[in-house]
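Structure first, commentary second.
Chain A is the first sequence line, chain B the second, and so forth, proteins listed ahead of strands; every chain is numbered from 1. In what follows, every heavy atom counts, from backbone to side chain, and hydrogens, waters and symmetry copies are set aside. None of these values were measured; they are calculated from a predicted model.
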There are 2 protein chains.
Amino acid sequence: MTDAPTGRRGLTTLATSVYDAVREDIVQGILAPGTKLKIAALQSRYDCGASPIREALNRLSMERFVIQSDQRGFVVAPISLDDFDEITETRCLLYSLLLPLAIERGDQAWEEGIIIALHRLNKLPRSNDLPLDESLAGRLAHKKFHRSLIAASPSNFLIEMLDILFDFADRYRLLVGRIAPEELRGEAVREHAELVDHVISRRTDEAVNLAVHHVRRTAALFRNHISLVKSK
Amino acid sequence: MTDAPTGRRGLTTLATSVYDAVREDIVQGILAPGTKLKIAALQSRYDCGASPIREALNRLSMERFVIQSDQRGFVVAPISLDDFDEITETRCLLYSLLLPLAIERGDQAWEEGIIIALHRLNKLPRSNDLPLDESLAGRLAHKKFHRSLIAASPSNFLIEMLDILFDFADRYRLLVGRIAPEELRGEAVREHAELVDHVISRRTDEAVNLAVHHVRRTAALFRNHISLVKSK
DNA sequence: TAAATCCAAAATATCGATATTTTTTTATCG
DNA sequence: CGATAAAAAAATATCGATATTTTGGATTTA
């Protein structure tokens with residue numbers, strides 16, 4: 001789920017697990033936008049000293065999940081309609097840019113990566129209470145699917161940026177809450193399949209149009225509700 | 001010069017000044033690619049404890065100036081031809097994407113920002129020993145000029161990414177050393193003026209072509225020398 | 001002599017304590 | 001009273017010390 005920067009081998013560090021945990025808590029909205037992140041509070045929450053907490057927050061501030069200001073600590077990144085629109089717009093721009101390049105350059109392994117990612121996304125075990133697209137596993141599979149489409153494009157910088165933007169968008173979606181009625185979920189599944197078809201068949205324009213439409217439509221679904229979200 | 005994330009008011013922190021210093025040392029090549037960044041060494045170099053050092057390095061690792069691996073510390077990001085090509089390619093892609101949008105959306109303030117940035121770049125006091133484009137002030141002005149061109153585009157995420165990529169590219173340029181003969185510097189000056197002309201006159205295609213050409217030509221100037229750079 | 005093992009030295013990650021700075025509260029003055 | 005100043009409380013940033021992990025030899029072993 002994470003974009004952790006630390007080349008992870010077997011052993012991890014406290015700083016890294018705090019990073020993971022806080023990041024996920026922010027995306028899930030457990031830590032509300034604007035919340036003050038007090039070191040002492042996080043220390044007791046994660047049962048460690050100040051150093052791992054501060055290292056984690058320093059990392060998150062570079063990703064913009066957290067806002068840091070010298071001598072005044074850290075807050076969870078606030079939300080706004082403008083911010084959301086910019087996230088959506090940037091995602092669309094990057095898909096328009098990268099999808100054609102991936103289609104042009106993609107090889108067999110790339111195609112197969114897409115097929116696998118779609119398969120895994122669709123075959124995820126469904127739980128009754130929690131909608132698939134709010135579960136950690138569901139979100140991760142969805143993110144990996146989106147990434148697989150552009151995996152063959154020539155810029156890892158931009159691929160990673162899209163990953164982060166995906167999580168930003170997910171935060172807004174989760175903050176707004178379960179707004180997607182069943183038929184809309186079905187529509188997403190259909191769009192995914194259709195998108196894969198376009199991409200694999202190298203129908204560049206159709207693929208881009210659908211990808212952008214998919215992002216915009218999903219965004220529009222809950223854009224109106226954003227102003228209702230409670231911040232701190 | 002910096003992309004420091006910390007909303008800076010009057011007072012700063014040790015962590016932030018170490019962040020600035022190490023970042024600049026990496027861009028200048030004073031800290032060579034691949035160099036192990038030992039906490040104790042940095043402590044005596046910057047005369048502070050481990051915490052500010054580690055916080056600075058954690059920030060830098062998220063920007064990819066530094067590579068972190070859990071339990072094994074930090075190294076200066078290594079260099080490679082592939083990495084350099086990806087940086088160059090991504091910069092070209094982003095200019096192709098953002099410049100048309102900026103031209104389309106830019107208002108008078110945007111135009112004037114470009115004029116000012118170019119003016120400041122050209123009027124910088126020249127010192128005899130250090131070429132302008134290797135001085136901190138010169139590089140900063142150059143970066144600001146490039147940013148001014150796309151400042152009106154709709155994605156701050158991508159504008160900031162280009163800023164970082166500019167510094168990545170500058171690191172390679174500075175590592176390779178003074179390879180730009182006088183006439184080539186003159187050519188850069190001419191290209192800048194021409195580029196501004198295209199942009200302000202809304203000649204989108206010409207502007208994009210020249211911007212991409214400018215980036216690629218500059219990159220090609222020292223690409224061959226990269227393999228000669230000594231890493232650690 | 002290449003590989004595996006053990007050990008010492010070095011380095012990292014983390015803790016607990018504290019100086020500094022900011023925030024909140026209380027008191028004072030016009 | 002509202003504004004301001006002083007004092008107290010809270011929070012941040014940083015230090016110095018230490019447990020843990022990795023690294024780099026020696027040393028042994030197959």
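Nearest to the side-chain atoms of Leu14(A) among the listed nucleotides dC15(C), dA13(C), dT12(D) stands dC15(C). Between dA13(C), dT12(D), dT14(D), one nucleotide has an atom nearer to the side chain of Lys36(A) than all others, and that is dT12(D). Taking every side-chain heavy atom of Gln71(B) into account, dT22(D) is the closest of dT22(D), dA11(D), dA13(D). Comparing dT14(C), dT22(D), dA11(D) by their nearest atom to the side chain of Arg72(B) picks out dT22(D). Counting only heavy atoms from C-beta on, Pro52(A) has its side chain closest to dT14(C) among dA13(C), dT12(D), dT14(C).
Taking a cutoff of 4.0 Å between a charged side-chain nitrogen and a carboxylate oxygen, Asp167(B) and Arg139(B) do not qualify as a salt bridge.
Considering only residues two or more places apart in sequence or on other chains, Arg54(A) meets the salt bridge (charged side-chain N to carboxylate O under 4.0 Å, His left out) condition with Glu55(B).
The residue Ser51(A) sits close to a base: some heavy atom pair falls under 4.0 Å. Among the heavy atoms of the strands, none lies under 4.0 Å from Ile53(A).
One end of the helix from dT1(C)-dA30(D) to dG30(C)-dC1(D) points its axis 20° away from the other end's axis, with each axis taken from 5 pairs and the angle rounded to 10°.
Regarding Asp70(A), its CG atom lies at a distance of 13 Å from the P atom of dT12(D), rounded to whole Å.
Within the structure, every side-chain polar atom (N or O) of Arg54(B) is placed at least 4.0 Å from both OP1 and OP2 of dT12(C).
Within residues 42-50 of chain A, the residues approached by DNA chain C to less than 4.0 Å at the level of any non-hydrogen atom are Cys48(A), Gly49(A), in residue-number order.
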